[in-house]
Chemist: 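I have a structure here, written as structure tokens, and I will follow up with some questions on it.
Convention: sequence-line order gives letters A, B, ...; per-chain numbering from 1.
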Amino acid sequence: MLTKIVSKNFEIPLSHTLDVALKNGRYSSLRSAFEKEPQELIDIIKESGLRGKGGGGAPTGNKFQIVSDWEGTKYLVVNADESEPGTFKDRQILLYDPHLLIEGIIATCYAIGSNCSYIYVRGEYEEFSDVLQAAIDEAYERKLLGSEAEYIVDITIHRGAGAYICGEKSALLESLEGNRGHPRLKPHSPEPEFYFGEPTLVNNVETIASVPFIVQNGAGAYRAYGTEKSPGTLLFAISGNINKPGVYEAEFGVSMLDYIEKLGGGVKNAKKLKAVIPGGASTPILPAHMLKDARLDYENLRTLGSSLGTGGMIILDEDASMVKALKNLLRFYHHESCGQCTPCREGSSWSDKILDRFIEKKAKAADLDLLKSLSKSMNGKTICVFAPAVSGVIDGFLKHFEEEFLECIK
Amino acid sequence: MKVIINDTPIECKEGELLIDVMLANAINIPHFCYHKDLGADGNCRMCMVEIKGQKRPQIACDTFVKDMLEVSTLSENIREVKRSILELELLNHPVDCPICDQAGECKLQDYYMDFGLYDSHLNTPKTKKGKNIDLGSNVILDQERCVLCTRCTRFTSNITKTGELGIIGRGDSARVGVAPGHELNNPYAMNVVELCPVGALTSKEFRFKQRVWFLDSTKSICHGCSRGCNIHIDYNETKYSPEKVHRFRARRNSKINQSFLCDYGRLSYRELNESFSSNVSDIKELEELLKEDKKVALISPSMSLQQLKFVKDFCQNRSIELFSTAYIDENFADEWLRTNDKSSNFAGVKKLGINSCEDEFFNSLKSAEVVLNFNHKYLKENKIETKRVVQFTTTDVDIGYELVFAIANFAHESGTVINCDGIRQDFYATKYRDNTPRLIELLEELK
Amino acid sequence: MSFSFNSENTMKMDLLKKRYPQNRALILPLLWLAQKQESYIREDAIKYISELIDIPYMHIYSVATFYTMFRLQKPQKRVVEVCRTLSCELNGSQRIKKHLDDNYAQDCEIIEVECMGACSGAPMCTIDGRYVENLTPEILDKVLNVN
């Protein structure tokens with residue numbers, strides 16, 4: 001079940017150093033890339049069906065195309081702001097195979113016509129961004145990057161400073177421009193993102209790290225894994241009440257329960273599985289009884305009323321309190337709301353305070369209705385998808401575990 | 001092209017924002033963060049409308065008109081959306097209405113009465129923030145009343161470019177303020193009080209003085225400099241206080257001052273409450289002096305065209321040499337509204353051909369026997385020895401004079417002034433009682 | 001003494017200037033350099049940065065208060081940040097917090113933070129920014145007492 005495309009070199013000692021990386025295939029895809037025209041590379045990415053691995057799952061090839069076609073100085077921004085609870089996959093790439101990321105950046109920059117790339121790393125990942133910086137320095141020294149490289153690419157690490165919302169791509173660009181991380185209004189027609197007014201491609205670390213394999217081996221080789229609509233692999237992560245928490249790459253479409261058993265080692269202390277949050281905290285929770293045929297791809301989880309998100313599974317066992325779990329998540333959202341638009345700022349704070357009444361077992365029946373109507377007010381009325389995510393989380397918990405909330409009502 | 005709003009076709013042009021079209025056609029569209037001169041920020045979410053064919057409601061301030069776009073602000077769905085967003089705006093609001101100056105012109109009150117009218121569901125403690133914070137420049141901040149529409153921060157960042165105001169913190173502890181140890185300090189600072197749709201930013205000058213529903217209003221022009229910014233004079237005849245005019249508010253003029261006033265001009269309302277307080281002379285006494293030979297008159301360049309014309313004719317008939325010299329202050333001018341000419345109608349003086357040469361005035365003054373001053377600053381502040389001086393004044397004068405007549409200030413005049421760009425503008429008198437005669441009325445008694 | 005970047009940081013700043021299209025983008029990196037140099041962001045550091053890149057003081061102050069990792073007060077003790085989000089809570093983060101509160105409140109400033117991306121090492125904390133994962137009270141004692 002374990003498939004090693006992006007995580008191929010993770011277990012190799014000193015895989016983050018350039019010499020070891022080179023010995024294990026790093027930068028070999030660039031030969032193939034530079035022999036093709038940039039548009040050919042974009043076509044290969046489109047054909048491969050590569051989808052964004054930052055939680056959205058949007059077709060990557062189309063994003064490459066829009067930026068490539070737009071007039072202006074192109075930028076590539078790699079989103080390493082990984083702050084979604086339950087997600088810790090990009091960290092593995094930064095720590096164990098940073099040269100894979102650098103290789104992907106060079107190939108992507110060549111494809112879209114950019115010479116300048118920023119990697120936005122969350123501020124807390126200081127140790128890991130130091131490893132990444134060392135790898136970048138090595139690449140500059142070896143003239144893989146910089147003005148004397150075969151294709152000029154400059155990479156700058158830009159550290160965040162503790163804001164989950166900066167993982168949202170327009171908020172990330174605001175932060176990169178030196179502002180507060182406030183997401184921008186969404187355009188009405190297809191447009192690239194803009195950095196200081198110039199067309200910019202924003203992609204997740206793992207998405208860019210998947211580019212070398214596709215460029216080297218072709219779209220078909222990537223499509224050989226996964227499903228028709230969700231081709232390829234993902235660095236799924238598993239944590240919570242599980243025996244072997246960690247990041248295990250697998251192809252899309254594997255059975256979730258199999259993954260939990262075989263790769264996760266099963267629920268800790270032989271407890272029964274109660275619920276799974278499939279793709280990081282912002283995806284609706286799914287009770288165990290719904291997971292019999294659940295498969296880890298975008299389409300299947302949508303039919304179950306949830307979504308794949310970043311593929312970071314959080315396992316909750318029979319002893320876990322759903323009320324406490326929801327309170328934990330709402331407290332997270334309350335802390336992380338940027339505060340720009342009213343429904344999110346007030347709604348995320350109010351829902352957190354209402355949950356306190358449930359925790360203290362002092363809730364009234366009206367509070368449950370209030371949560372439901374608050375969830376409706378936050379959905380589809382805001383600038384970015386933070387508030388709809390909160391709404392989805394609340395709805396998920398109330399839909400499947402209402403009894404536990406009713407028990408808290410006096 | 002046409003758009004259809006609430007089943008009514010409305011004419012509009014390509015490139016217009018839906019919210020502008022709605023406001024221009026007096027369609028009720030609630031909004032906080034949108035302002036004609038600041039643009040949209042899209043953060044309040046109050047202007048949501050239902051657009052046919054779109055799954056989610058859209059904000060009108062970020063939607064451009066398209067031909068045959070169908071828009072609804074009255075459907076059941078969108079009413080519930082507006083109500084729920086208003087509820088969230090008001091959630092942590094301290095409801096200070098009984099002591100808040102904004103009451104009566106507060107958007108939160110207006111929208112609540114329009115489509116709120118719900119019972120509060122709040123049963124958790126409200127968020128507490130700073131209150132009654134003196135920001136400097138006559139502006140007081142109350143962070144709890146603020147809806148974070150960012151109009152004030154955008155004003156100081158983008159318009160005055162002084163950047164004193166900003167948002168501190170994040171999420172529901174986000175609040176507007178100045179950096180510690182700093183203050184709001186620019187010549188246009190008080191505009192944020194008018195921009196603020198709620199009672200978060202209020203004027204220290206106006207604090208606790210009047211309830212706005214007692215104020216009457218008249219359209220006027222600021223006489224502080226030659227820009228001629230358009231204003232409303234807000235007044236109320238307060239029974240036991242000499243203050244009748246309580247504030248100036250900006251009147252929107254897209255060609256001159258948009259929605260803004262400079263603080264100097266805004267605070268110049270205070271002059272309208274001054275008047276001459278001692279005994280006045282009898283106008284018949286002036287006849288005696290007018291029999292003298294050498295007579296010089298100086299008239300304020302802030303008089304209206306009508307006053308200037310009347311006095312010019314009067315002086316011609318009585319052989320009085322008339323001058324009107326400019327109020328120039330180079331330090332006052334800036335790159336926006338303020339000009340170096342601190343009078344409101346010097347262009348009118350030039351247009352009527354009244355002599356404005358300073359040297360010639362001083363020359364004539366030397367050989368004059370009688371000097372008439374029609375409210376000109378120079379002769380109100382500088383005593384002229386050895387001349388027989390007659391003052392026609394709107395305020396107290398304490399230098400020597402032989403005759404003095406009180407005249408009404410521009411709060412009680414209607415007239416026309418020409419601004420620095422040659423634009424003619426009319427201003428209108430307030431209607432509160434005042435026994436001070438108007439200049440033209442007074443001079444007419446001399447027939 | 002008024003704040004200014006030491007020579008190493010001045011060099012770093014000069015190199016960074018070339019990497020961004022506008023000086024405004026330097027705000028976050030410069031705030032980080034200022035915090036690293038003095039262990040917190042001093043008021044005169046904000047003034048220094050404001051004059052260096054010609055951006056109003058309030059803007060930089062506003063940005064500094066938006067991000068939770070920027071400290072505007074000097075830390076008096078070593079800082080321990082305990083993750084409190086779901087995966088860590090499911091694995092006993094509250095027990096770790098209690099252990100810290102009971103035994104180390106005098107020596108350490110104990111802060112709760114949100115998900116640090118170390119869910120496979122739950123429960124975890126950082127000590128002066130370094131990740132320490134797979135915590136038990138015993139491991140915590142060992143690490144805190146060694147340093």
Side-chain angles (χ1 to χ4, degrees), chain A residues 161-166 171 179-189 331-358 360 362-364 366-367 369-371 373-384 386-388, chain B residues 18 32-33 39-48 51 54-59 61-64 66 77-78 80-93 108 118-127 146-150 153 157 166-176:
Chain A
Y164 163 78
I165 191 64
C166 288
N179 297 325
R180 294 161 63 92
H182 285 184
R184 300 171 177 165
L185 294 172
K186 303 294 171 263
H188 298 292
S189 52
R331 185 178 56 186
F332 170 79
Y333 290 118
H334 178 185
H335 186 250
E336 298 293 344
S337 168
C338 75
Q340 197 188 179
C341 53
T342 311
C344 174
R345 178 180 72 239
E346 305 293 342
S348 59
S349 145
W350 195 14
S351 54
D352 183 24
K353 291 183 190 164
I354 295 174
L355 247 297
D356 281 332
R357 293 163 64 81
F358 282 90
E360 292 161 18
K362 291 202 188 123
K364 301 255 191 299
D367 288 329
D369 294 324
L370 194 51
L371 266 182
S373 92
L374 193 52
S375 161
K376 246 178 59 173
S377 314
M378 291 176 74
N379 196 0
K381 321 274 189 323
T382 50
I383 297 177
C384 76
F386 183 95
Chain B
L18 183 56
F32 287 118
C33 63
D41 203 40
N43 63 55
C44 71
R45 317 307 287 178
M46 287 299 314
C47 65
M48 291 206 131
I51 297 186
Q54 302 236 17
K55 198 170 62 165
R56 297 202 197 95
Q58 301 293 322
I59 46 174
C61 62
D62 190 45
T63 306
F64 288 98
K66 282 206 272 280
N77 195 19
I78 204 72
E80 176 53 32
V81 167
K82 286 202 285 213
R83 192 208 63 75
S84 67
I85 295 182
L86 182 66
E87 178 170 16
L88 290 170
E89 296 270 8
L90 281 167
L91 197 68
N92 286 300
H93 200 77
L108 282 172
Y118 54 84
D119 288 325
S120 174
H121 297 118
L122 185 69
N123 48 22
T124 48
K126 288 193 184 190
T127 320
C146 172
V147 289
L148 286 161
C149 68
T150 69
T153 58
S157 294
I167 303 182
I168 302 170
R170 183 170 89 192
D172 71 332
S173 68
R175 48 214 186 279
V176 166

Chemist: Given that the side chain runs from C-beta out, which part of A:Arg180 has a heavy atom under 4.5 Å from chain B: side chain, backbone, both or neither?
Modeler: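 Answer is side chain: those atoms of A:Arg180 sit under 4.5 Å from chain B.
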Chemist: Could you tell me which portion of A:Leu370 (side chain, backbone, both or neither) has an atom closer than 4.5 angstrom to a non-hydrogen atom of chain B?
Modeler: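 Contact with chain B is through the side chain of A:Leu370 alone.
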Chemist: Counting heavy-atom pairs under 4.5 Å with chain A, which one of B:Ala40, B:Ser173, B:Gly42, B:Pro125 comes out on top?
Modeler: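 The option with the most such pairs is B:Gly42.
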Chemist: Please report the closest heavy-atom contact between A:Glu346 and B:Asn92, naming both atoms and the distance.
Modeler: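 Distance-wise, the nearest heavy atoms are OE1-ND2, 2.6 Å.
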Chemist: Find the distance between OG1 (B:Thr124) and CG (A:Leu355) and round it off to the nearest 0.5 Å.
Modeler: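 B:Thr124 atom OG1 to A:Leu355 atom CG measures 11.5 Å (nearest 0.5 Å).
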Chemist: Can you measure from NE2 (B:His121) to CG (A:Asp367) and round to the nearest 0.5 angstrom?
Modeler: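 Nearest 0.5 Å value for the NE2-CG distance: 10.5 Å.
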Chemist: Can you tell me how far NZ of A:Lys353 sits from CG of B:Leu91, rounded to the nearest 0.5 angstrom?
Modeler: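 The CG atom of B:Leu91 sits 7.5 Å away from the NZ atom of A:Lys353.
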Chemist: Decide if atom NZ of B:Lys126 counts as having more than 12 heavy atoms of other residues, nucleotides or ligands within a radius under 6.0 Å.
Modeler: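 Correct, the count exceeds 12.
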Chemist: Please report the closest heavy-atom contact between B:Arg45 and A:Lys381, naming both atoms and the distance.
Modeler: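 That closest heavy-atom pairing would be NE-O, 2.7 Å.
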Chemist: Looking at A:Ile354, A:Asn379, A:Thr382, which has the largest count of heavy-atom pairs under 4.5 Å with chain B?
Modeler: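 That would be A:Thr382.
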Chemist: Please confirm whether the backbone N or O of B:Gly171 pairs with a side-chain atom of A:His334, one donor and one acceptor, at under 3.5 Å?
Modeler: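 No: the side chain of A:His334 does not pair with the backbone of B:Gly171.
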Chemist: Which bit of A:Lys186 is near chain B, if near means a heavy-atom gap under 4.5 Å: side chain, backbone, both or neither?
Modeler: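 Answer is backbone: N, CA, C or O of A:Lys186 sit under 4.5 Å from chain B.
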Chemist: Work out which heavy atom in A:Leu374 is nearest to a heavy atom in B:Leu88; give both atom names and the distance.
Modeler: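 Taking A:Leu374 first and B:Leu88 second, the nearest heavy atoms are CD1-CD2, 3.8 Å.
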Chemist: Measure the CD-CD1 distance between A:Gln340 and B:Ile167 for me, rounded to the nearest 0.5 Å.
Modeler: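 Going from the CD atom of A:Gln340 to the CD1 atom of B:Ile167 covers 8.0 Å.
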Chemist: In the structure I gave you, are the side-chain heavy atoms of A:His188 and B:Asp62 within less than 4.5 Å of one another anywhere?
Modeler: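 Result yes, sub-4.5 Å side-chain heavy-atom pair found.
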Chemist: So does B:Glu89 get a backbone contact from the side chain of A:Arg345, meaning a donor-acceptor N/O pair under 3.5 Å?
Modeler: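 Side chain of A:Arg345 to backbone of B:Glu89: no pair is present.
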Chemist: Which bit of B:Ile59 comes within less than 4.5 Å of chain A, counting heavy atoms only: side chain, backbone, both or neither?
Modeler: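 It is the side chain, since no backbone atom gets that close.
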Chemist: Is A:Ala163 close to chain B through its backbone or its side chain, or both, or neither, when contacts mean heavy atoms under 4.5 Å?
Modeler: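 Contact with chain B: backbone and side chain both.
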Chemist: Below 4.5 Å from any heavy atom of chain A, which atoms of B:Arg170 appear? Answer side chain, backbone, both or neither.
Modeler: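 When you check distances to chain A, atoms from both the backbone and side chain of B:Arg170 fall under 4.5 Å.
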Chemist: Between B:Asp172 and A:Trp350, is there a side-chain heavy-atom distance shorter than 4.5 Å?
Modeler: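 They are not in side-chain contact.
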Chemist: Chain A heavy atoms under 4.5 Å from B:Glu80: which part of the residue, side chain, backbone, both or neither?
Modeler: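 Neither the backbone nor the side chain of B:Glu80 comes within 4.5 Å of chain A.
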Chemist: Using non-hydrogen atoms only, which part of B:Thr127 is less than 4.5 Å away from chain A: side chain, backbone, both, or neither?
Modeler: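 Backbone plus side chain of B:Thr127, per the 4.5 Å heavy-atom cut-off to chain A.
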Chemist: Among B:Val147, B:Asn123, B:Leu122, single out the residue with the greatest number of heavy-atom pairs under 4.5 Å to chain A.
Modeler: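 Of the candidates given, the most pairs with chain A belong to B:Asn123.
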